[in-house]
Participant: 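Just passing along the structure, written as structure tokens.
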Amino acid sequence: MTAQVHGFQTEVTKLLKLLANSLYSNKEVFLRELISNASDAVDKLRFLSITSPELTKDDPNFWIRVRADEKAGTLTISDNGIGMTLNEANEHLGTIAKSGTEEFFKNLSKDQAKASQLIGQFGVGFYSAFIVADRVTVLSRAAGSKPEEGVRWSSDGSGTYESENITRNERGTDVVLHLKDSEKEFLNEWTLRETITRYSDHISTPVLLWCEKHEPASEKDGEKKEDKPVWGWEQVNDAKALWTLAPKDVKDEQYIAFYKHLTHDYGDPLTWAHNRVEGDLEYISLLYIPKEAPWDLYSRDEKHGLKLYVQRVFIMDNSEEFLPNYLRFVKGLVDTTALDLNVSRELLQKSPVTRKLKRALTKRALSMIEKLAADKDKYQIFWSQYGRVMKEGPIEDPSDREQVMKLLRFASTKSGTAAQTVSLEDYIARMPEKQKNIYYLTAGSYEAAANSPYLETLRKKGIEVLLLTDRVDEWLMGNVRDFEGHSFVPATASDLQLGDLADKDDQKKKDEAEKDNKGVVERLKKALEGKVTNVRISTRLVDSPSCIVGEQDQMLTPQMRRMLEAAGQ
Ligand code: ADP
Ligand code: MG
């Protein structure tokens with residue numbers, strides 16, 4: 001059979017023309033695309049062989065091979081997957097089968113920069129080979145077909161391709177890239193190794209690289225052997241896709257090793273959560289909390305977010321869209337079948353699937369933290385690292401407010417130390433029966449808070465007061481009104497709303513004191529004119545002679561005022 005020449009589908013020609021100029025800054029994606037196609041081909045055959053085991057009898061172990069031939073200037077990506085018939089090769093490698101393709105190209109503007117951005121989002125798949133190659137030859141044979149039904153497909157990417165049947169002994173596909181002179185770096189072992197591990201480390205099929213191995217010098221049969229290089233296949237990816245295993249089959253050591261691989265952290269994680277979810281929204285998540293917060297947790301430029309995999313194929317790092325900002329310390333990955341392999345950051349931000357995954361993963365992360373909270377000592381490690389970030393939670397995300405608030409910890413007049421160990425539930429559980437509100441005091445330091453005169457009445461009545469000394473506390477209290485039906489009331493408020501807790505004779509005492517001290521109050525008012533709105537007799541103090549209070553509902557507490565002053569306002 002002689003090779004037939006075919007024209008590419010118009011859209012393919014347009015795509016190929018755009019490629020040369022557009023994806024240049026990300027040119028190594030061609031390797032990811034071709035390995036991912038090889039991995040798809042393997043996955044398809046793996047699936048078929050479940051019902052037709054004879055398809056893989058000839059070569060039952062799946063592999064993907066990458067081989068550079070320096071002399072020929074070629075890079076070959078091979079697999080022993082499902083392969084293609086001649087018809088399939090013509091159809092799949094000559095057209096773009098994606099829905100909306102025509103529409104996409106119609107709307108592609110003349111603006112080159114915009115076009116290249118869009119083309120990246122569109123996903124170039126197999127055609128990305130032409131970013132680095134001036135000729136691509138595909139040799140293939142479909143699993144289950146005869147050796148004479150092998151295929152040779154070849155193109156220089158300029159509008160036409162030729163294809164024919166050949167005899168091929170093995171099933172599967174070789175994609176041979178004749179590298180452009182400018183792209184010879186992809187013959188380099190280190191470059192290949194690095195690119196493969198970066199993009200394809202955890203696809204479940206082994207990726208083997210043809211490389212030089214050095215055998216140590218040895219003495220065999222009395223004959224001295226030189227340290228001479230031998231060439232062979234070396235597996236460069238992990239190929240274990242740890243997260244796809246059932247949690248019960250994964251040992252703690254494996255989770256810890258994987259965490260280190262993922263984060264480059266030297267230390268162990270504090271905890272992790274591994275979930276596999278089937279149904280409408282299929283995903284696997286593996287989330288970790290590092291023992292130590294990163295130094296740039298509060299920096300705007302700090303990179304965070306999960307690794308995104310679609311169907312085991314690595315898509316991108318630092319996908320921030322799957323967790324709220326206050327959970328930015330959570331590391332890990334999500335692997336889903338609900339997104340497209342060609343999903344880009346821009347598409348990700350728009351996708352309703354992203355929003356659904358964010359809800360689901362937020363719940364996973366919060367339940368992981370809840371479990372951690374059951375172990376008080378461990379939770380203190382967590383809280384000391386991430387407590388201040390967690391306090392951003394109820395402000396950022398009202399939908400999970402109650403759940404996050406249960407996870408918060410504070411110092412209080414009852415705990416007696418600066419350590420933040422008291423939960424709102426602890427507080428409510430030990431409230432005197434008649435107490436309705438949750439009292440708190442914000443101050444610049446624990447000492448200042450603990451010794452504040454504002455606490456005197458409350459202390460006398462046995463009312464616990466939360467002592468809040470983190471910067472974020474004032475912001476938090478300005479945003480949350482209550483917890484489980486109990487209002488937050490600052491100990492500095494002029495009306496402490498003590499309700500049934502107020503002494504019956506407080507009012508009588510107050511009336512008497514007002515009568516007796518009328519002159520003093522008048523003199524003080526005069527002396528402090530313009531500095532205070534009012535001077536009043538109060539029954540709230542026990543040992544101190546006087547204190548400054550804010551009007552009820554006035555958000556400007558003394559601590560907040562100090563913050564605003566410090567900020568120059
Ligand atoms: P996608 O992978 O999104 O379908 P590609 O452009 O990457 O798009 O590939 C186009 C098609 O070519 C694939 O869907 C598949 O049918 C076929 N193909 C590409 N590479 C291989 C391969 N190594 N083995 C078998 N089929 C392949
Ligand atoms: Mg593909």
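Whatever order the structure lists ligands and atoms in, that order sets their numbers, starting from 1.
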Participant: Above 12 or not: heavy atoms from other molecules or residues under 6.0 Å from CD of Glu278?
Facilitator: no
Participant: Specify whether Trp231 and Trp210 have parallel, tilted or perpendicular ring planes, treating 30° as the upper limit for parallel and 60° as the lower limit for perpendicular.
Facilitator: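 Parallel: the ring planes of Trp231 and Trp210 meet at under 30°.
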Participant: Pairing donors with acceptors under 3.5 angstrom, does anything connect the side chains of Tyr326 and Arg388?
Facilitator: no
Participant: Less than 4.5 Å apart, side chain to side chain, heavy atoms only: is that true for Leu306 and Asn318?
Facilitator: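 They are not in side-chain contact.
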Participant: Going by distance only, is there an N or O of Val175 that falls short of 3.5 Å from an N or O of ligand 1?
Facilitator: no
Participant: Which of the atoms of ligand 1 are close to Gly125, meaning less than 4.0 Å from one of its heavy atoms?
Facilitator: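 Near Gly125, the atoms of ligand 1 are 5 (P), 6 (O), 7 (O).
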Participant: Taking atom 10 (C) of ligand 1 as the point of reference, which of Lys44, His92, Glu91 owns the nearest heavy atom?
Facilitator: His92
Participant: Before signing off on this row, confirm whether Tyr127 and ligand 1 have an N or O atom pair separated by under 3.5 Å.
Facilitator: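 In fact, backbone or side chain, Tyr127 has no N or O that close.
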Participant: Identify, by atom number and element, the atoms of ligand 1 in contact range of Leu93, meaning under 4.0 Å from any of its heavy atoms.
Facilitator: 12 (O)
Participant: Could you tell me whether Glu33 approaches ligand 1 through its side chain, its backbone, both or neither, with non-hydrogen atoms closer than 4.0 Å?
Facilitator: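 Neither; nothing of Glu33 gets under 4.0 Å from ligand 1.
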Participant: In sequence, state the C-alpha distance, the side-chain angles, and the governing distance for Arg328 and Glu392, and then conclude on salt bridge (charged side-chain N to carboxylate O under 4.0 Å, His left out).
Facilitator: CA-CA 11 Å; Arg328 60 186 177 272; Glu392 296 170 12; 3.2 Å; yes
Participant: Going by the closest heavy atom to atom 2 (O) of ligand 1, which one wins out of Asn80, Asn37, Val12?
Facilitator: Asn37
Participant: May I ask you to identify, for Leu34, whether its side chain, its backbone, both or neither come under 4.0 Å of ligand 1 on a heavy-atom basis?
Facilitator: neither
Participant: Mind checking whether Tyr255 and Trp272 have parallel, tilted or perpendicular rings, split at 30° and 60°?
Facilitator: tilted
Participant: Aromatic rings Phe8 and Tyr161: how do their planes relate, parallel, tilted or perpendicular, breaks at 30° and 60°?
Facilitator: tilted
Participant: Return the orientation label for the Tyr288 and Tyr259 ring planes: parallel under 30°, perpendicular over 60°, tilted otherwise.
Facilitator: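 Plane angle between 30° and 60°, so tilted.
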Participant: Check the angle between the aromatic planes of Phe382 and Tyr379 and answer parallel, tilted or perpendicular using the 30° and 60° thresholds.
Facilitator: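 Parallel.
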Participant: Under 3.5 Å, is there a donor on one side chain and an acceptor on the other for Gln403 and Lys363?
Facilitator: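 Judged by distance alone, the side chains do pair up.
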Participant: Identify which protein N/O/S atoms are less than 2.8 Å from the Mg ion (ligand 2).
Facilitator: Asn37 OD1
